[in-house]
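Working notes, structure below.
Along the sequence shown, the residues carry numbers beginning at 1.
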Amino acid sequence: MRKYKVRMGFFLAVALMLIFPQISSKESSISAIEATNKYDIVIKNVQVFNGSAGKPFKGDIGIKDGMIVSIGKLRTSEAGKVIEGKGLYAAPGFIDLHSHVNRGMYFKELRPCLNYLKQGVTTVVVGQCGRSAWPIFEKIEDQVNKWQGEGIGVNAAFLVGHGQVRELVIGMENREPTPEELNKMRALVREAMEGGAHGLSTGLGYLPGRYSKTDEVIELVREIVPYGGIYHTHMRDEGDHLLDAIKETIEIADRTGAPTNISHLKAVGKANWGKVVEACQLIEDAQARGLKITADQYPFPISSGYPYRSLIPRSTWLGEDESASQLTEELAKVFDSLRDKTLIQLYTLSTPYIPISSHHQEYLDSLSRQELVRMVSRSLIGGALTRGAENSRERAEFLKRMEQPAEAEKIRQEITQYIEEWVGAENIIVDISVETRLIGKSLKQVADIKGKSIADAAIELELQGAKVTPLQMSLQDVEYIMKKDYVAIGSDGTAPYFGMGLVHPRAYTAFPVKIRNFAMDKKVISLPFAIRSCTSLPAGIMGWKDRGYLKEGYWADVVLFNPKTFRPRANFTNAHQYGEGVEYLLVNGKMVIKKGMFTGELPGKILSPQGAN
């Protein structure tokens, strides 16, 4: 019996050698189980855009433990999952260099950041324009612990905001900090950097950042340099004084040595169109001197998170009627008569930041009486009072003035001058109107259709509640900036509640607009160049050495999109529409989009400053 078993074993070994003669000695040393699990995922037969500006190539991508481990011709038998990529383009997951999604993602239901996943975005930089990536009443570790503990859909890199730091120390006062206050501001910046912030952002066009002098900004930027931090700036001006703002930015970079990124580079206002040529030359001259200066841009000629604008200046609409401002002042007096305890109670009953955390309570307790009244009154009545044509009192007063011939003529003249000096009637587009035939038409076209003057057409649209968007930047300027190899994409978008409110479509469609409209269709830039601006360029600007490319040893942030169907759907008439064409999306090797559908996975990470996480 024993001899029989020996003979059978010998014959079985010989049979296996005959059946599998191609197996090398090295491969044969790997167990069958180990060979099967060589890759968690293999993406087969895909057109690979690796993040450089070079030509794509056809190949396979092998992923293991969240990392890209092989690119080439791979064996699907060694993969746990296989994605057939025939007809699809593979690129590194898109990186949004400038976003405000932290505002929405604070709340759990928006934590997936689905409006960005559907665009192919896997990483966002948050805390821009001087507002930190965490609320003013919290610390960086509060946000980190919350997001890491509960999960997020995208990777996130945090910035500390100069405006928020200034408000914590000085409030909203228009003055320079004392030496003691400046030291407190320095300490807050250092605290954030030690907690994992990637750098400092400023919003020098907003309050309270506008109150700061250049030297103040320089002192705080110097605090991020020892940590390898980057300085992001919403400059002091993007219109009439654009060039002066560029020069200030260059001065800050020069005097601190910090890598500097200009947020949403553009020239606003018809009178300033074309200035981007000189602005870019200033940047390039500074680069030639060795300064590290880059920029980001959203691919739209329309700005602002709420892009819709009134056709009638507020001063013209109100005339000499001061009731609107008086009402706000009188309501503020009511709050000023309340005790601190009552004010805080009102705030806690209305704030969406619930439950009140210990750091939140400490912040409330630290506020001066004046700051507390201001915060509570603004939070409760700031958006509660309708303005403009929806306010019955203001509307009645305006129409009464229009019945007076001299006053009506004055109103028309002011509206005409305002529109012409702003962007011109030909550059104001009707996006929402009860008269659907007017949607997509310019104000000038509407006036021609109705046989009215520009001013009377504007008044009629305003009283109908129409929503219009001004082309505040020229398309030629947008395209000129887009061609620069140091300009990455930054959507400047938010994470809104789906279907609610009027938002800029860039929150849903910035990346498809750039890739489909400007690269694939109009060919303003090449597709590899466009993908580079969405991947390796922003990763390089942030100093990350393990994201932004499809390379072995890099994190498996991968987007697979269909070049035939990848396109934007959101527009200014209906902004709440997800993009199309992203078939698969992997974040850190986990599938968050599968066959165009969200899987429910939340594998995003809070990135450490050098990208190693």
| task | Please collect all ring pair (Phe, Tyr, Trp, His ring centres under 6.0 Å) contacts where either partner lies in residues 256-297, sequence neighbours excluded, each pair once. | result | His98-His264, His234-His264
| query | Under the ring pair (Phe, Tyr, Trp, His ring centres under 6.0 Å) rule, what pairs show up with a residue in residues 42-79, not counting sequence neighbours? | reply |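 Listed once each, the pairs are Phe49-Tyr89.
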Partners meeting salt bridge (Lys or Arg N to Asp or Glu O under 4.0 Å) with [X] (sequence neighbours left out):
| X | answer |
| --- | --- |
| Arg103 | none |
| Glu583 | none |
| Lys146 | none |
| Lys270 | Glu420, Glu426 |

| task | Could I get the full list of ring pair (Phe, Tyr, Trp, His ring centres under 6.0 Å) partners for Tyr308, not counting sequence neighbours? | result |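 If we apply the ring pair (Phe, Tyr, Trp, His ring centres under 6.0 Å) test to Tyr308, skipping adjacent residues, the hits are Tyr306.
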| request: Quick one: list whatever passes ring pair (Phe, Tyr, Trp, His ring centres under 6.0 Å) with Tyr497, sequence neighbours left out. | output: none
| request: Ignoring hydrogens and angles, tell me if any N or O in the side chain of Glu78 forms a donor-acceptor pair with the backbone of Tyr39 under 3.5 Å. | output: no
Residues 81-88 side chain polar contacts: donor-acceptor under 3.5 Å, at least two apart:
unit_1, atom_1, unit_2, atom_2, d
Glu84, OE1, Asn45, ND2, 3.3
Glu84, OE2, Asn45, ND2, 3.2
Glu84, OE2, Lys86, N, 2.9

| request: Return each pair, listed once, that meets side-chain hydrogen bond (donor to acceptor under 3.5 Å, both in side chains) where at least one residue sits in residues 525-543; pairs must be two or more places apart or across chains. | output: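 Listed by first then second residue: Lys514-Ser533.
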| task | Tell me, please, which residues at least two apart from Glu284 pass side-chain contact (heavy atoms from CB on, under 4.5 Å). | result |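 With sequence neighbours excluded, Glu284 shows a side-chain contact (heavy atoms from CB on, under 4.5 Å) to Cys280, Gln281, Gln287, Lys484, Tyr486, given in chain and number order.
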| query | Got a sec, which residues hit side-chain contact (heavy atoms from CB on, under 4.5 Å) with Ser201, two or more places apart in sequence or on another chain? | reply | Gln128, Leu159, His232
| task | Take the angle between the ring planes of Phe94 and Phe566 and call it parallel below 30°, perpendicular above 60°, tilted in between. | result |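 Phe94 vs Phe566 ring planes: tilted.
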